K.L.:
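Could you have a look at this structure, given as structure tokens, before my questions?
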Amino acid sequence: MSSPVPGDTEDLHDRSLGELLKQLSEQTTRLVHQELELAKAELQQKGRQAGMGAGMFGGAGALGLAALGALTACFILALDAIMPAWLAALIVAVVYGIIAFVLVKQGQARIKAAGPPVPTQTIETVKEDVECAKTQLRSDRT
């Protein structure tokens, strides 16, 4: 929460209850608006990072489909010269499976790095605002 305007606290005792409630309402509205803007910005940033991870999944699938047919035929034919065709096909399939597994794990790591879709920074600043308001109320009572 922002610090009070200088000179504002000296005349709090001179103001009417209506004026104080109006000021409280305005400051609360402004604070809530600022916190919502912060939450929005934080969620947008996390969404972009998660989107990059999801894009990696999509890229892995597209790359796999584009190259799968040609590479599979090429590798199987190359290995067929030294072993039975069925064994060559099995070896190629296992290698492709390992590559796909690595890509999936990298995508999962990116999505996990984005963190949960919770505006943690906003939550922390709201907690700080509440504590500041409590402290201000305690000091005003004395």
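Just so we're clear, the structure is a prediction, and the values are computed from it rather than from any experiment.
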K.L.:
Any side-chain heavy-atom pair from Y96 and F75 closer than 4.5 angstrom?
P.N.:
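When only atoms from C-beta onward are counted, F75 and Y96 do touch, with a gap below 4.5 Å.
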K.L.:
Name all residues meeting the side chain to side chain contact (heavy atoms under 4.5 Å, CB included) criterion together with E124; count only those two or more places apart in sequence or in a different chain, and write none if there are none.
P.N.:
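Partners of E124 by the side chain to side chain contact (heavy atoms under 4.5 Å, CB included) criterion, ordered by chain and then number, come out as K127.
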K.L.:
Quick one: name the residues clustered hydrophobically with V32, using the 4.5 Å side-chain heavy-atom rule over I, L, V, M, F, W, Y, and just say none if it's on its own.
P.N.:
L36
K.L.:
Roughly how far, to the nearest 0.5 Å, is the CD1 atom of I123 from the CD atom of E35?
P.N.:
10.5 Å
K.L.:
Can you list the residues that meet the side chain to side chain contact (heavy atoms under 4.5 Å, CB included) rule with I76, with sequence neighbours excluded?
P.N.:
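T72, A88, A89, V92.
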K.L.:
Are I98 and L63 connected, step by step, through hydrophobic side chains (Ile, Leu, Val, Met, Phe, Trp, Tyr) whose heavy atoms are closer than 4.5 Å?
P.N.:
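No; tracing contacts between hydrophobic side chains, which count when under 4.5 Å, never links both residues.
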K.L.:
Honestly curious: do V95 and F101 fall in one hydrophobic cluster under the side-chain, below-4.5 Å linking rule?
P.N.:
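No, no single cluster joins them.
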K.L.:
Quick one: pull up CD in E128 and CD in E131 and give me the separation to the nearest 0.5 Å.
P.N.:
9.5 Å
K.L.:
Once you round to the nearest 0.5 Å, how far does CG of L90 lie from CE of M83?
P.N.:
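Nearest 0.5 Å value for the CG-CE distance: 10.0 Å.
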K.L.:
Just so I know, are the side chains of M56 and L103 near enough to count as touching, which here means a heavy-atom distance under 4.5 Å?
P.N.:
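In short, these two side chains do not touch, never coming nearer than 4.5 Å.
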K.L.:
In chain order, what residues pass the side chain to side chain donor-acceptor pair (under 3.5 Å) check against Q108, with sequence neighbours excluded?
P.N.:
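Residues passing side chain to side chain donor-acceptor pair (under 3.5 Å) with Q108: K105.
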K.L.:
To the nearest 0.5 Å, how far apart are CG in L31 and CG in D129?
P.N.:
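That separation rounds to 4.5 Å.
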K.L.:
Check each of L21, T28, T29 against S25 using the side chain to side chain contact (heavy atoms under 4.5 Å, CB included) test, and report the only one that passes.
P.N.:
T29
K.L.:
Which residues, ordered by chain and number, are linked to F57 in its hydrophobic cluster, where ILVMFWY side chains connect at heavy-atom gaps below 4.5 Å, directly or through other members?
P.N.:
V104, I111
K.L.:
Run the side-chain donor-acceptor check on residues 38-50: report pairs under 3.5 Å with partners two or more places apart or on a different chain.
P.N.:
residue	atom	partner	partner atom	Å
E42	OE1	Q121	N	3.1
E42	OE1	T122	N	3.1
E42	OE1	T122	OG1	3.3
E42	OE2	T120	N	2.8
E42	OE2	T120	OG1	3.0
E42	OE2	Q121	N	2.8

